[in-house]
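The next block holds one structure in the form of structure tokens; read it before the comments.
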Amino acid sequence: MEQIETKSVKYDLIVNSPGRINIIGEHTDYNNGFVLPTAIDKKIQFKFKKNASLNRCTVYSNDFNEGFTFNLDEVTKSKNQWENYILGVVFEILQLSNNLKGFDCVFKSDIPIGSGISSSAALECGLAFGLNGLFNLNLSKKTIVELSQRAEHNFVGTKCGIMDQFASVMSKEGSVILLDCESLDFEYVPIKIEPYKIVLLNTNVSHNLASGEYNIRRAQCEKGVAIIKQNYPKINSLRDVSLSMLNEFKSVLEPVIFNRCLYVIEEKERVLNSVEALKNNDLATLGNNMYKTHNGLQHQYEVSCTELDFLVDFSKKYEDVLGARMMGGGFGGCTINVVHSKEVTKFIEDSSIAYYKKFNIKLTAFEAMPSEGTSIKINNLKN
Ligand code: GLA
């Protein structure tokens with residue numbers, strides 16, 4: 001397909017949709033626990049226009065140099081996975097509204113794919129947000145978040161939690177979101193950590209296991225819950241299970257299931273403890289919790305990989321690094337590090353050299369700035 005973006009095309013709407021970081025609270029969202037994410041200054045930019053047809057839509061990715069056309073009366077899964085993010089969102093919108101018509105959309109991203117900073121949610125939410133504006137669909141932000149999550153479940157096949165979509169849409173510059181993934185109640189917590197910075201080190205590996213193993217972890221947690229529920233009928237998720245309840249089942253649960261549940265229950269507490277630490281500017285406690293989280297993800301939840309473990313271990317040599325851990329679903333992507341500003345350059349340089357020596361892979365690093373969620377940048381619509 002020809003690239004449809006030309007200088008002469010006038011777009012109706014331009015939308016920015018960001019990736020996210022998560023300070024702490026990994027693999028807790030689909031267990032109804034707490035998370036502490038925020039959008040960052042890496043984004044997908046979408047340009048939209050109505051094309052006057054009733055049904056025909058074209059979507060073009062400037063990063064893949066590839067696009068596709070589909071009809072609104074025939075939205076089905078594609079063999080090309082990135083198209084499923086788009087088709088999934090359109091499908092879910094069609095379940096909620098009759099007002100969608102033909103549109104053209106091009107997008108361009110500076111979020112590295114497979115790096116654990118959720119280019120997927122940025123893609124889903126940016127599209128949903130843009131179509132909502134383009135056709136006046138009156139979908140609330142919460143609906144956009146939820147339909148984007150459903151798109152990932154139903155069209156992409158990853159049974160993800162709500163964190164990424166929520167962070168992408170709801171974030172506020174300079175804050176992180178303490179989100180209760182059961183009630184969806186949330187609180188903005190200012191993130192004032194000067195003279196420390198949030199540094200992401202991208203392993204630039206993305207092991208193929210990610211989506212399959214992700215769904216397996218979710219099923220393992222559900223299995224644990226089903227067994228514990230036999231004695232505690234009121235529990236619905238690991239959110240409702242305490243450490244002492246879990247320990248009663250130590251001899252009953254398969255060790256692997258026990259370990260998965262143990263990690264989630266401990267992580268749930270770590271998030272709340274870390275929020276207090278952040279509010280009290282106790283960054284040492286926050287950093288220490290991040291190391292504990294990594295340890296749990298590595299040994300109990302088993303979603304890390306040698307590249308991530310290497311970088312987290314390496315960071316421990318630096319007094320000026322308060323904490324580090326793998327971030328996101330796992331099996332590759334980034335580590336998130338809290339680093340004193342005077343040490344950032346050296347830490348990145350040293351880590352890059354050591355990482356290259358060990359794996360023969362180039363590390364990429366950047367500072368993440370907590371930023372606002374999905375937003376309309378330019379609106380040329382007349383209404
Ligand atoms: C992925 C999912 C999220 C969350 C994280 C792990 O990013 O999309 O819902 O489960 O993994 O915390």
Side-chain angles (χ1 to χ4, degrees), residues 17-40 42 81 84-85 88-89 111-125 145-171 176-182 184 186 200 202 206-207 209-222 237-239 260 263-268 270-271 274 289-290 292-294 296-298 300-305 308 325-336 368:
S17 187
R20 62 103 190 91
I21 52 171
N22 183 25
I23 304 294
I24 199 158
E26 219 62 270
H27 288 275
T28 47
D29 58 354
Y30 54 85
N31 287 300
N32 282 352
F34 302 93
V35 289
L36 198 59
T38 179
I40 56 168
K42 296 247 177 242
Q81 188 64 312
N84 284 324
Y85 292 94
V89 166
I111 308 174
I113 292 173
S115 60
I117 50 179
S118 206
S119 53
S120 319
L123 189 55
E124 294 149 3
C125 296
V145 167
E146 289 173 336
L147 80 84
S148 298
Q149 182 196 25
R150 283 199 299 278
E152 189 148 343
H153 285 202
N154 298 335
F155 267 64
V156 180
T158 305
K159 304 286 177 202
C160 63
I162 195 93
M163 167 171 76
D164 300 351
Q165 291 78 9
F166 201 96
S168 188
V169 173
M170 303 295 291
S171 290
V176 290
I177 305 177
L178 172 61
L179 172 64
D180 176 336
C181 298
E182 186 169 55
L184 295 190
F186 64 100
L200 300 190
N202 188 352
S206 167
H207 296 293
L209 294 165
S211 180
E213 287 294 324
Y214 185 93
N215 291 348
I216 291 173
R217 292 302 174 283
R218 189 169 180 151
Q220 287 169 330
C221 293
E222 283 164 6
S237 67
L238 288 176
R239 161 68 170 267
R260 305 298 192 242
Y263 163 76
V264 172
I265 291 167
E266 288 180 343
E267 181 72 350
K268 199 170 63 175
R270 270 194 294 268
V271 180
S274 301
N289 284 346
M290 289 168 73
K292 286 188 188 154
T293 293
H294 186 80
L297 290 166
Q298 181 180 357
Q300 296 164 348
Y301 217 67
E302 296 180 288
V303 291
S304 188
C305 61
L308 290 164
R325 62 178 197 82
M326 58 145 278
M327 192 180 70
F331 304 104
C334 291
T335 62
I336 175 168

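Just so it is clear, the model here is predicted, and its values are computed rather than measured. Only heavy atoms go into these numbers, but all of them, side chains included; no hydrogens, no water, no symmetry mates. Order of listing sets the numbers, starting from 1, for every ligand and every atom in it.
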Distance filter under 4.0 Å to [X] heavy atoms, resulting ligand 1 atoms:
X    : result
Y214 : 1 (C), 2 (C), 3 (C), 4 (C), 9 (O), 10 (O), 11 (O)
M163 : 4 (C), 5 (C), 12 (O)
G161 : 9 (O)

Pair T293-R270, side-chain donor/acceptor within less than 3.5 Å =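 Present: a donor and an acceptor within the cut-off.
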Is R20 in contact with ligand 1, taking contact as a heavy-atom separation below 4.0 Å?
->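 A heavy atom of R20 does come that close to ligand 1.
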Close approach of G328 to ligand 1, heavy atoms, under 4.0 angstrom =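 In this structure, G328 qualifies as a contact of ligand 1 - some heavy atom is under 4.0 Å.
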Is there side-chain contact between S171 and R20, with heavy atoms separated by less than 4.5 Å?
->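 They are not in contact (no side-chain heavy atoms under 4.5 Å apart), so the answer is no.
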Looking only at distances, can you tell me whether any N or O atom of [X], backbone or side chain, sits closer than 3.5 Å to an N or O atom of ligand 1?
X   : result
T28 : no
G25 : no
Y30 : no

Looking only at non-hydrogen atoms, find the nearest pair between M163 and P37 and report the distance.
->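 Looking at all heavy atoms of both residues, the closest pair is CG-CG, 3.9 Å.
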If you have a sec, work out which protein heavy atom is nearest atom 3 (C) of ligand 1 and how many Å separate them, to one decimal?
->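 For atom 3 (C) of ligand 1, the nearest protein heavy atom comes out as D29 OD2, 3.3 Å.
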Are the side chain of [X] and the backbone of [Y] linked by a donor-acceptor contact shorter than 3.5 Å?
X    : Y    : value
K268 : N31  : no
E26  : M327 : no
N215 : G157 : yes

Could you name the option among L297, T158, D164, V35 that has the heavy atom nearest to atom 7 (O) of ligand 1?
->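 The nearest heavy atom belongs to D164.
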Candidate list Y263, Y214, F331, test ring-ring contact (aromatic ring centres under 6.0 Å, His included), partner Y301, passing option |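 The residue from Y263, Y214, F331 that satisfies ring-ring contact (aromatic ring centres under 6.0 Å, His included) with Y301 turns out to be Y263.
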